[in-house]
Structure formats: C-alpha cells, structure tokens
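Chain letters run A, B, ... following the sequence lines, proteins first, then strands; residues in each count from 1.
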Amino acid sequence: MTGLNPSQQAIADRTEGIIVVDAGPGTGKTYTVVGRYLNIVKKRDVKGRDVVLLTFTNNAAREMEDRIRSQTVGKVPPDVEDKLKSIRVSTFDAFCLATVLDSPQSLSDFLGIRETLTHGARTVEKDSLNKIYFRQVLDRFLTGHAAEYPDAAAVASEHADALYQVIAKLMSRGIVPLRRGWFGGHDGRDLIGDLPAVREAVSELPSVKKKDPLQCPLPNPEQYRDSLLAAGFDLSGTDLFPNSLRTAAADEDRTPLLALVHDVYFEFIRRSIADDRLTFGLTACFAFLILYSDDTARRRLSCRYLMIDEFQDTNANQLMIGLMLLTEPNLCVVGDWKQGIYSFRNATVENILYFRERTAALRKFLNEDRPADRRRVPYALGEITELPLVENYRSSQLIIDAAYAALYIPTRSDEELDRATLDGLVTRITSARPAIGTATALECVSCPDSDSELDEVLRTVIGYVQHNQICEPDGTFRPARFADIAVLCRKTATCRALYDRCGTCGVPAFLQGDMEIMRTREGKLVLAWLKYVNNDFDRWGIVPILADLGYPAADIRNMIAPPDESRRLPIPDEVTRQRKALRQKRRRITDLVSSIFAFYGLNNDVTQAINTVLSSSHRNSLLTISDLINLIENDIATDTRYTVDGLPDRDAITIQTVHSSKGLEYPIVIIPALDRGSFPNTRGDTDVYQFQPVTGLRCRRAVVHFAGREQSVQPSWQTALVNLAFPPDRSEERRLLFVGISRAKQYVTLIAGSKPSTFFKYYAEEGSYPVRKAGTVPPHCPRLSELNQTTPVPVVPAFASRRRSLGVHDILRFGDEQENAGSGDEVCGKGMEYGTQIHLLAQKMAEGYEPTDREKTDYPQLTRVAAVLADINARHPDLICPEIECSLPVDGQNVTLRGIIDLLVVFPDHVEIHDWKTDVEDRFASEYRLQLSVYAHAAAGFYPNHPPVTCHLQWLTRETTETFTPLPPAAIAERTGEILAATDPAGRA
DNA sequence: GTAATGGATCTTTTT
DNA sequence: GATCCATTAC
C-alpha cells in the first residue's frame, strides 16, 4: 500500500510480534490497520482464516471490510484475493455470540449446570427488559432463600437494578460464580478488595477538626446516627474514637453480601441459560468461559494474527478472549486512551495504558493451572512494541493543542493533577494540515442564563455560516455551510432543547442518536393535539398548542379561563378549523398524526421517528386516540428513547452528544452547556452496589436494627467512609472534552451559562483564547430576531430522495366501519390492552412458558395458541422465533415497510409466518393477508436461498387457521403506492 | 485572616 | 450525593 506516512508505515510493516498502537484523533488509524492487514494476508504462509480483526461497532467492522475490499479488488494477486474470501472481520459481540452458539455444552459443563443453551438462544438488547427479567429472577430466588442472608436480601430486593449492574461489571472482568466459590478475580478475592490498602487510605483521611458531638470524618454524620448506635459506637460522650471507626469501616463483615451476590449471580446465569436468553454481557462472559474451558473450541476458533480496534473500549474479559484466541504472539491493539469514554459500559482504559502489566498478569492467570504443553496462551509475550501514530490529518495545531489541554484541567477546585505523570502517558501529535493556516480559532462565550445559551448557539451557527471559510482537503477554501457545523452536548436533554430551538428559529438541524423523541416539540405537539382532538372538555390540552403558535400567556388565559367573562377571548380560528379537520381523521391514526405535522410544515428526522413509533405500536388491533395519548405520556414518563437516524441529505447542522460524535469530524464544533455540575458532570456514583479492585464489592445501604425490633434500610456508614478515602476519578470527563474538541478541523466555540464549569473557565481565563461577549452579535451578523422573519420557516426542502419507513399497518385499510370500534371489530370488543396481552403471552408460550390458570381464564384464546404451538412443535421445526422484527424494501417505491412477525417458524424445506388474530369476525381478512404477505417476503429475504414461505392467519377467537401463499410483491407495491399518493404532502402539491 | 457551616444547585453516556 | 460559594464564627 502506498501513501502511508513513516509512523503508519512502521506499524503496517511490523506484522509480527505484539504491538500497541497509540492512535490519536485523526491520525489515519483505519487506513493503517487496513494496510497492516493486507501486509499480513500477502504473506505466503498466511491463510485468510489466520487473521482476525475485531471491532466494536457494526459500522466499523463494515467499513474495515469495505476498505480492504476496495483496496484489493483487481489490485492484488489472485491468490491473495482468494484468501480474502475467508476474511474474519467482526465485532466483539458477533464473535462472542458465534463462540457461544458453537459450544453451548462446554459452557454448561464448566458451570456445572444441567440446562444448555440451544441454537434458538436470543440476545435481548434492551437493557430495560433485561432489568425486568433480572428482577423476576431475583424475586423468585429470594422467595425461597431470603432467610439465608437476612439483611443483604432486604437491601437487594429494594435495589434489584443496582445488583444487576454490579453483576454486569463482574462479568466484564471475567469474575464468575461457580457452584461453589468464584472463578476469576483471584478466585473471588478481588471481591473483598485490598484490605490493607483500604485500611491505610481510611486512616489517612484528613484529621477531624469539626466540632463535637460526632467526631467523625463523615459529612452529615447525623444521617448515620442510627447505624452507628446500632453498631455499638458510644455517641454519648464528645469523644467518638475515630480510629476504631475507621478500621471498623474497612473491615466490615461482608460475608452475607458476597454470598448473596454469588448466589443470585449464579441463579441469573442458570436461568438465562435455561430460558435461552442472552444479554451482551452474558454472551461476552460465556464466550470467555468457553474459550477458557474447551481446548477444542479454542483451537477451532484460534488465529495466528489478531488486531483489535478501539482498544481503549475493551474490558478485561475481552483482552483475555484476545489472548486465548491467538496461537502465536502476533497481536496488534490500536486505540487511544484519551478517547476512552465508555467506562459506564465497563470498558477500562487501563487495558491500553498499562498493557504490558495487564497482559502479563492475565496470561499468568490463564496458564497457571496448565502444564507447559497445554497452555491456553501458548506463547511468550516477548517484546511489546509501542508505536504511536503522530501525524494528524484533521485539525489545525491550535485545535489539537486545545484538545490536549483538556486532559490537564481539574474538574473541581481542589483536584490536583500530576502533570508529570500525565506527560508520561500523553503522546503528542502534530497537525499535517498547514493549508488551514490562520483560519482556525477556539473562542469562548459566556451567557447570563441557560436559555440565552441556546440562542447563543444559534447566533454562533449563523455567524460561522456567514463569515467563515472552510478549508478543503486540497487546500482551497469555500464558504461554510450549516452541514459543516456540529453541536456536541454532554447530555441528550441539551441536544433535544437545542433541536427544539432550531425548529422555532428556522435553523436547519438534525438530531442524531437515541433520543427521547416524545419530549421534542414535535412530540409535545402531537400529544397536545391528540388531547385536544380527543376530548372536548379538556380545555387545557390546547394550552401548549396556543403557546407554540406564539399567543401571549395572558391571551391564552383569557381564552381558556378568563378571570371574568368580559375578558374572554375566542379560540383562534386557525386552531378550531384544524381541530375540526383532525377530528374527521380520528379513525385513521397514522393519517391524523401526519396531518398534525403537515399543519406545521414539519417533516424531519423526528417526525419520521414519531410516525414510525406510533404506527408500529398498533398491532392487529385498532388504536384509539386515547391509546396513543397513553403511549406518548408513558414514553415521556419513562424516558423512553428511540433511535433517530438523520441522513445528512440536506444542509443542516448536526446535533448529537459528545459520546456519539466519537470517530466523526466536522470543520466547526460548538460545545454548549459547559456548566458547573453538567460538564464535567460532578454527580458521583450513587449505585447502591459498587465494585472496584481495591475496595472490593461493597453496598451503600445497610439494614439498621433498632432496639425495639424495628429495622430499616439506611446509608451504610462503612461504605461512605471507605468511599471518602477513594475520591471519584473524573478523568473520563476530561477525555470527553478531549473527544469533543478534537472532532473539530478548524473552529471551536465553547459556550457556558451563568455558572461556567472549571473546563470553561480554563479556556476563557487561563488559555489565550478569545472571549466573545454573550448576546453581542458578531460583526456583520444579523440579529437572530431579524433572521427569524427573513428566513422562510420552515427551511425544509422536499424529502423526495429520502427513503421512507412505514409501518406495515400504515398500508392496511380497515375502512370507516371502524367508527364502531370498541363494539364490534375491536379485538373481542375488549380493546387494545387485551390483544396486546394475548400477544405477550403467546410470545412467552412460544418460548416455553406455561400460562397460569388465571391467565387461561382471563384469556380463553390461549388454549388455541397452545394447540397451534403444539402442532408446530410436533412437526419438528429447526427454529421457532416469536416477535421478530422485519423490514421489506418495496420495489419501485422509495419505502421500507417495517413490522413485527408474531411467530416465525423455520423448517428444513420451508418457512412459516404465523400471526395471532383475536378478531371476532373475519372482515379484515384480506387486509391481514396483505400484512402477512409483507412479512413473508421480508422473511424470505433473511435467507439467501429464498425458501418457500407460507402464511398462517391464526384466528384465535374463531379457532380456525387460514393458510395461504403470500400475495405477489406487486400487490404490496401497488398498495404502498396508493397509500403514499394519499398521504404524502409532496404528492398532493 | 482561617475554618466551619448552611444553602443552592446540579443530577449521563448506550455497542 | 457532591460541589461550590456566601455567610458566619472566632
């Protein structure tokens, strides 16, 4: 490969041995990895299968593979091209899942569990569902065993989520419960921690200067009064022996806690295996255990060369997997500890920072029980070479230096950072973009309050677009566009607020990442209109609508509830007219929602997402407006997030979190809300269960027994005291700022509100960066208010090129007979709740669940479900898959249909689609046939050989099955076209 | 002058 | 719960 710079070339050329690559931002990491990969594959004695490349995201894996292909097709000898057919590039998750499904028996053998995972094992990605599942496991377990750990069980049942989290943390470190005792973590000793070190740290806490009576280093000692008294400390005198208190905290007896965590953890694993239910964490942990315990499986999956990308995002478990995978010491890890921002996912930058020590220790652990000829890591680590990438092809030197400065800023006034240590860890990089010249700056803007902060962001955006020049890779300049600008926020809430402001001010923007879309302006407008349309008497539903239209608060009050009738104002015509129009659509929900957005001229990423969510939420039952209102309110209440994928197909700024900006680059970056408490976030760990190698496993809550047999769960003074001696590490916040600033090529604006954080103050006060006055308009820049009027709102061009996503239900027609919904065609006349419940139970039954008698009584249709499932099982299918999402691109239309198949059954020679229908009558049968046909064609697409697919309408109430072959794709395309013509605003125009 | 104290304010990130 | 900051105490 040509075009590699010397530091890149050195890495690509060193194909053997163990290499740690420090790849700073914008240094051409992917390029180098691909070059190195090809150099390895070109070797005569290397087969395609010998090389493995592991990444974290599907995108990264795909990009690596694409780049490898594009650089080789027709450019390398045929034998090399041949090797690339067996290329092994995958994500950690995918690799681990394959490993687990490869040898499920070894896993059960190792753990001593009777049950085994089957090929039908499914990964549940949604963490909220996993927490619910864990809670069930915990509750069931405690029912029989709570008495064995009296106090610990009481705390656990109150804090199931926290227990789940700490167990996930243990998994990521390869600490696993065996039937007896622990595996990994020095046979569980890590859970106790390094007691001498804890004792010493606690005893070195600053001496007590505070007044009596509680001579105790704890802040707010009063809240521990009860537990200290219960623990036998004498609080009567002025002198409370601080030293004995300290030792007692360090040496707290945690035997019951450890026993409980062990047993619940083991039970969670056992039940997950029995239920064929995986999480990301379990899969990774299981893959590790299989590679550890099954020599054959390890050899089968092994490789001679391994490269791991984004190595700063790995955890101990993944590093061990990597070490065991290799048969030779040819490991290349690539990453940048300065961009390690995923500790909440249990990643640890120590893997790359202290690579030498960690690999040596892990290798020792993995080999210690084995003779020399049967080692799991069968090679010596040998020399470990550290090779940095030092040339940055993205940013100006000014930006690079500003980013590096972030790593040295204290997060609170008394935090002391050791400059020398940091200097030792930091590899400096230099800008290789001289063409940028002086067209680069970092400026600071301080605002009086957080509301004007949003305006300031927009003002800054407009200033950039009007005045700044962007340096193209070839060195030429052109005027800046909206699309050159990214606003990177610490919190999603800020992203959302900003997006809303862009909407009202007419600045084109798209929101990226997982967002609480129901809390956006769009979401709130839908909710307000639905309420207003749904209920004549809900006068207050109209308030947000009027406010959004810009009516003054006083006028609104006089429209809704005037202090006296003489002041009453009429509801504006535009609103009543719209309400009337919407009321006529109240039976066509999707149409209704689209009309609401059309009223505002809104058609964007968020409206798309809301449309998809709302239309896919109704299943075969019909959705009422009340159902939708409930759904939205529930989503708001539970902070539900949905993925908004904005395609940058128009000139708009990007709004996203700093986290999701990793790996991306923009000419201009604005980082707002550098406010105290927010960025850096100073909220400490409040998880009830905590685990760190030094302090071990501890719990922040304890049961306090009062004299009179009463008891209650209170903060644990022991844990509080220990934590006081180990202040929280906020270096990740610095790295986050590093990531944010280093996304920029030329310009950065930092914005803070009335209480700027230490981060902001550093740049504004200590650096030599320009400070712009808030509210002042940059020269030549029109005032925002003027801009509001002169810029046509909305600045939303047609979305013709955009691929639309429709729910399958959107293309179904249920006719106007639905006016009678609730009496006739609504599922058994019992509403959506009923139908949803049956689907939920049917799903669980397909997974082996036996409904309770109560459920059988409440839902008589379940008998039919059981019969259908029994029939399916009797025919020995390869796979039964309930509730699987599918999507079908429609030929000739720029549309993808999405839906959820109730039950997908795979046989060796054909595939069946089953759908539960609870309708009393079959009047919608033809629509349902269309629905299942969509599923059928989507399912056929899963399989490369396109097996024949049959559809089965399961009429549960009528106790019949209707089997048919799917309608042709043309029928689906025709209907989709009709629906689009009727609802697409562009089509009408 | 320093040290203690109370009040106000903030409260994530998601393959 | 952690942090900063203004106020109070001496």
Do [X] and [Y] get their side chains close enough for a donor-acceptor pair, meaning under 3.5 Å?
X	Y	result
A:S343	A:E732	yes
A:Q656	A:T654	no
A:R496	A:T492	no

Atom [atom1] of [X] and atom [atom2] of [N]: how far apart are they, to the nearest Å?
X	N	atom1	atom2	value
A:F679	C:dT3	CZ	P	17 Å
A:R734	B:dT13	CZ	C1'	17 Å
A:E733	B:dT13	CD	P	11 Å
A:I341	B:dT15	CD1	C1'	12 Å
A:H659	B:dT13	NE2	P	8 Å
A:N58	B:dT14	CG	P	16 Å
A:R676	B:dA8	CZ	C1'	9 Å
A:L488	B:dT13	CG	C1'	14 Å

Quiz item: Is any side-chain nitrogen or oxygen of A:S678 closer than 4.0 Å to OP1 or OP2 of B:dT12?
Solution: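 So the side chain of A:S678 is outside the cut-off, no N or O lying under 4.0 Å from OP1 or OP2 of B:dT12.
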Quiz item: Under 4.0 Å between a side-chain N/O of A:T682 and OP1 or OP2 of C:dC4, yes or no?
Solution: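 No, A:T682 has no side-chain N/O under 4.0 Å of OP1/OP2 on C:dC4.
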Quiz item: Does A:R521 offer a backbone N or O that forms a donor-acceptor pair with the side chain of A:D500 under 3.5 Å?
Solution: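 Looks like yes, one N/O pair under 3.5 Å.
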Practice problem: Tell me what A:T492 touches on the nucleic acid: a base, only sugar-phosphate, or nothing, going by heavy atoms under 4.0 Å. | Solution: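 Sugar-phosphate, no base atom in range.
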Practice problem: Would you mind classifying the nucleic acid contact of A:F56 as base, sugar-phosphate or nothing, using non-hydrogen atoms under 4.0 angstrom? | Solution: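 Sugar-phosphate only.
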Quiz item: Among C:dT3, B:dT15, B:dT9, which is the nearest nucleotide to the side chain of A:K755?
Solution: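 Among the listed nucleotides, the one closest to the side chain of A:K755 is B:dT9.
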Quiz item: A:R412 side chain: which of B:dT12, C:dT3, B:dT13 is closest?
Solution: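 The listed nucleotide nearest to A:R412's side chain is C:dT3.
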Self-check item: Those residues that, when tested against A:E765, pass side-chain contact (heavy atoms from CB on, under 4.5 Å) (two or more places apart)
Solution: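 side-chain contact (heavy atoms from CB on, under 4.5 Å) check on A:E765 returns A:K761.
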Practice problem: Please identify each residue that fulfils side-chain contact (heavy atoms from CB on, under 4.5 Å) with A:D66, with sequence neighbours left out. | Solution: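 For A:D66 the side-chain contact (heavy atoms from CB on, under 4.5 Å) partners, ignoring immediate neighbours, are A:R62.
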Exercise. Mark yes or no for a side-chain to base donor-acceptor pair under 3.5 Å between A:R490 and B:dT12, with no hydrogen or angle criteria applied.
Key: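 Yes, a donor-acceptor pair under 3.5 Å.
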Self-check item: DNA chain B contacts made by residues 689-703 of chain A, counting heavy atoms under 4.0 Å
Solution: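 Of all residues in residues 689-703 of chain A, none places a heavy atom under 4.0 Å from DNA chain B.
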Practice problem: Classify the angle between the aromatic ring planes of A:F344 and A:H659 as parallel (below 30°), tilted (30 to 60°) or perpendicular (above 60°). | Solution: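 Judged by the thresholds at 30° and 60°, the geometry between A:F344 and A:H659 is perpendicular.
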